[in-house]
Amino acid sequence: MQRLPPLPDLEWRDDGAPVSRTTDDVYFSADDGLAETRTVFLSGCGLPDAWAGREQFTVAELGFGTGLNFLALWELWAATRPSPSARLNFVSFEGTPLDREQAQRAHSKWPDLKVYADKLIDRWPDRARGVRQIEWPAAGLRLTLHIDDISVALPDARFSADAWFLDGFSPAKNPDMWDPALYPRLAERSASRARLGTYTVAGHVRRGLTEAGFTVEKQPGHGRKRERLAAEFVGTPAKPADIYGLRGPDLPPKRVAILGAGIAGATAARALVNHSVETHVFDPAPAPASAASGNALALLMPRLDAGDTAQARLLIDAYLLARATYRALPGVSETDVRQTPRSDDERARFAKVLADPPLPLEDLEALAGGGLLHKRALILRPSLLIESLLEGANLHLGQVRHIDRDDFDAVILANGMAANTALPWLGLEARLGQVEHLANASDAPPSAIAAGHYALADGTDRLWGATFEHHDGDPIVKADAVETNAQALRRLQPWWRAQVKENAPESRAGIRATTPDRLPVIGTAPDHDAMRSIFTGYEKGRPVASDAPLVDGLYVSTGFGSRGFTWGPWAASILTSQLFSSPTPAPDAALKAVSPARLILRTLRRGR
């Protein structure tokens, strides 16, 4: 399977309806696709009555297609939203996503939905396998789109649906979307009494739903279709043991404290403010972004692995979400990044990436000499960006005081290495990162080049580095690091040397918190001692049937290493998804890979 999801092969009918040449099936009804959506899916799932009085409601869909069902649902939600604080989650699955131009052409057929279609097109999901999550906070709406084959994406998705839209192509023409293994997966992800609507009444679909715990009823169809199907989940979904501590609290938080005003804390604050949570950010420094997040410039570019592993996809998901989050904020400039290979081995790795690219041509091209050109990357000014992310939060800066846990529904440790003090078992390791900054260079457009180190230009600022070495204690500027960075600059941007000699660059060092597996630590903090006691059998290789014991109201977001600006928005989205028990922007495997509990499970497996 290619890493890049295929574009659909479309034929456009005279009436404006797109048809898939692959399945020989239409994306929406030629009679009136919008009316059919309202009948089969909205009315079929009892909407809007089903969400009356609810503060959170989740609709799941198989087959995102043109996004027509999502737009119709958005229109209905805007007219009948139960309260200003109510939130609607829409989870969808698509294996062959349309590009922006194809979607825009399809949407032109529905002028009634233009106000919503324009907002969706403006933030149309990037084409890459994985999970794209897009939020419109003012509308109380979040789209979580899983881009992959349904057999891969659905089993690893984590959510609980109150309603289902089954809208794949016809079962006769696209049997993979209606495989018998599908229906138990729907049941596992259904809330009690979840409603389901679909246009097909095929016998094997009715039998599959019935066997999975749904009551099924034929109802009058729409247009040329005499009948449609409505169903309700009356079974009890299986609830496997939650050994990674991924479950949410019984009640969503109203008041949250965040320790740390760097990128981890600022992105968490932005996500919580968007959820109308009273958010307090504490930091002993006199200003935000005073520690590792506080360099004059920062670079946001993807880390691309040659293999299609869970970690490789996770890094792409995080990068794409970060890029989408920052793009319209202050202190952000778009640029291309020229990444040159440092060795023959790296040149071979780049060749493998280009032979099966995980990102489309809009984002990735080959460079002469075996390098990579990363398009639409970002140069960031952290002070401006983080200040913007913290808007709406209550800041408590320059204060070192005990946080009374009883004053808050949740506390988030987003304070880098300092999280080790509260939770020593995290075992975070410190890395000293040093950069050099020149503030009075000649004016230049945004540009970036990378090869292990990086060199950035933006206006009159130049920044290059960075080192990454073991370190104990407070951050210090080192002379040998200055020379290491100077050598890197001579390789990357030798024509800067005159400006560097004529001026006086400033060195800045910061401590980055890392983990042994180089993945961040994001999620609810487990009770270390209780977990080791309860999970003694795990140490001996026996299965565990118990949930991980958790520290009530304590969460962690740290261990970002040198990729804090990449991980920040993704980590914040994971935290809010857990805090509000809403659909997560990541597959289950990724959530386990970054869960704090994984660190304890790993020591148990190794018998320590």
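Only this structure's heavy atoms are used, side chains among them; waters, hydrogens and symmetry mates stay out. One is the number of the first residue; the rest follow in order along the sequence.
- Side-chain atoms of L413 and T558, non-hydrogen and from C-beta on, never get closer than 4.5 Å to each other.
- At a threshold of 4.5 Å between non-hydrogen side-chain atoms, the residues R602 and R605 count as touching.
- Contact check on K375 versus E365 returns a salt bridge, with a Lys/Arg side-chain nitrogen under 4.0 Å from an Asp/Glu carboxylate oxygen.
- Heavy atoms only, all atoms of each residue included: L299 and M301 are closest at CD2-SD, 3.6 Å.
- With sequence neighbours excluded, the residues forming a ring pair (Phe, Tyr, Trp, His ring centres under 6.0 Å) with F580 are H275, listed by chain and number.
- Contact between A289 and R508 at its shortest, heavy atoms only, is O-NH2, 4.4 Å.
- Taking the side chain as every heavy atom from C-beta outward, V551 and L423 never approach each other to under 4.5 Å.
- Under the 3.5 Å distance criterion, the side-chain polar atoms of S388 are left unmatched by any main-chain donor or acceptor of L384.
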Which is it for E391 and V273 under the side-chain contact (heavy atoms from CB on, under 4.5 Å) test, yes or no, and what are the steps along the way? CA-CA 8 Å; E391 287 179 5; V273 169; over 6 Å; no
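- For the residue pair F565 and L300, the shortest heavy atom distance occurs at O-CD1, 3.8 Å.
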- request: Tell me, with the steps shown, if L120 and L143 meet side-chain contact (heavy atoms from CB on, under 4.5 Å).
  value: CA-CA 10 Å; L120 176 59; L143 166 64; 4.2 Å; yes
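- Under the rule for a ring pair (Phe, Tyr, Trp, His ring centres under 6.0 Å), the partners of W425 that lie at least two apart in sequence or sit in another chain are H528.
- Surrounding CD of E334 are more than 12 heavy atoms belonging to other residues, nucleotides or ligands, all under 6.0 Å away.
- Judged by distance alone, with hydrogens and angles left aside, the side-chain atoms of T467 form a donor-acceptor pair with the main-chain N or O of Q434 at under 3.5 Å.
- Atom CZ of residue R142 and atom CG of residue N274 lie 9.5 Å apart, to the nearest 0.5 angstrom.
- Put simply, the side chain of R132 reaches to within 4.5 Å of the side chain of D317, judged on heavy atoms.
- With rounding to the nearest 0.5 Å, the separation of CD1 in I412 from CG in L259 is 9.0 Å.
- At least one side-chain heavy atom of S85 sits less than 4.5 Å from a side-chain heavy atom of E55.
- In this structure, the side chains of K478 and H471 come closer than 4.5 Å at one or more pairs of heavy atoms.
- Annotation: D118, atom CG; neighbour count of heavy atoms from other residues, nucleotides and ligands within 6.0 Å is above 12.
- Under the ring pair (Phe, Tyr, Trp, His ring centres under 6.0 Å) criterion, F468 pairs with no residue, sequence neighbours left out.
- Rounded to the nearest 0.5 Å, atoms CZ (R376) and CG (L364) are 11.5 Å apart.
- With a 6.0 Å radius and a threshold of 12 heavy atoms from other residues, nucleotides or ligands, D472 has its CG atom at or below the threshold.
- Of the candidates R87, R270, K119, R123, R87 is the only one forming a salt bridge (Lys or Arg N to Asp or Glu O under 4.0 Å) with E135.
- The closest donor-acceptor contact from the side chain of R405 to the backbone of D552 lies under 3.5 Å.
- Partners of S581 under the side-chain hydrogen bond (donor to acceptor under 3.5 Å, both in side chains) rule, at least two apart in sequence or in another chain, do not exist in this structure.
- Annotation: ring-ring contact (aromatic ring centres under 6.0 Å, His included) contacts involving residues 493-527, sequence neighbours excluded, are absent.
- With sequence neighbours left out, the side-chain contact (heavy atoms from CB on, under 4.5 Å) criterion links A586 to W570, I574, A590, L591.
- The backbone N or O of A377 sits nowhere less than 3.5 Å from a side-chain atom of R323 that would complete a donor-acceptor pair.
- A salt bridge (charged side-chain N to carboxylate O under 4.0 Å, His left out) check over residues 415-435, counting only residues at least two apart or in different chains, returns the pairs E429-R431.
- Note that CD of Q487 is 11.0 Å distant from CG of L489, once rounded to the nearest 0.5 Å.
- For the pair E436 and L438, the minimum side-chain heavy-atom distance is 4.5 Å or more.
- Side-chain contact of Q56 with N89: a donor-acceptor pair under 3.5 Å is present, judged by distance alone.
- Side chain of R347 to backbone of G369: a donor-acceptor contact under 3.5 angstrom is found.
- Exactly one of L354, L315, D363, L359 qualifies for a side chain to side chain contact (heavy atoms under 4.5 Å, CB included) with L304. That residue is L359.
- Side-chain atoms of R255 never come within 3.5 Å of backbone atoms of H280 as a donor-acceptor pair (strictly under, hydrogens ignored).
- Note on residues 302-322: no pairs pass ring-ring contact (aromatic ring centres under 6.0 Å, His included), not counting sequence neighbours.
- Using a 3.5 Å distance cut-off with no hydrogens or angles, the side chains of D517 and T515 do pair a donor with an acceptor.
- By the 30° and 60° cut-offs, the orientation of the rings of F282 relative to H396 is parallel.
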- Message: Please determine whether side-chain contact (heavy atoms from CB on, under 4.5 Å) holds for the pair L380 and Y326, giving the CA-CA distance in whole Å, both sets of side-chain angles, and the decisive distance to 0.1 Å.
- Response: CA-CA 9 Å; L380 314 173; Y326 300 148; 4.1 Å; yes
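- When the ring pair (Phe, Tyr, Trp, His ring centres under 6.0 Å) test is applied to F90, the partners found at least two apart in sequence or on another chain are F70.
- In this structure, D588 pairs ionically with K592, as a charged nitrogen and a carboxylate oxygen lie closer than 4.0 Å.
- Atom CG of D250 is surrounded by 12 or fewer heavy atoms from other residues, nucleotides or ligands within 6.0 Å.
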All N/O donor-acceptor pairs, side-chain side in residues 445-456, below 3.5 Å, sequence neighbours left out:
none

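- For K254, there are no side-chain hydrogen bond (donor to acceptor under 3.5 Å, both in side chains) partners, not counting sequence neighbours.
- The heavy-atom pair separating V435 from A466 by the smallest distance is CG1-CB, 3.5 Å.
- With sequence neighbours left out, the salt bridge (charged side-chain N to carboxylate O under 4.0 Å, His left out) criterion links R338 to no other residue.
- Although no hydrogens or angles enter the test, the distance criterion places a donor-acceptor pair under 3.5 Å between the side chain of T484 and the main chain of D480.
- Put simply, OG1 on T267 and CG on L390 are 9.0 Å apart, with the number rounded to the nearest 0.5 Å.
- Here the straight-line distance linking atom CD1 of I511 with atom OG1 of T514 works out to 10.5 Å at 0.5 Å rounding.
- A donor-acceptor distance shorter than 3.5 angstrom exists from the side chain of N420 to the backbone of L428, with no hydrogens or angles considered.
- Within the 4.5 Å cutoff, no side-chain heavy atoms of D283 are placed close to those of S290.
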Note to self: Pair L395, V281 - check side-chain contact (heavy atoms from CB on, under 4.5 Å), show working.
What the structure shows: CA-CA 5 Å; L395 302 184; V281 180; 3.8 Å; yes
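- Residue-environment remark: CD (E387) stays at or below the threshold of 12 foreign heavy atoms within 6.0 Å.
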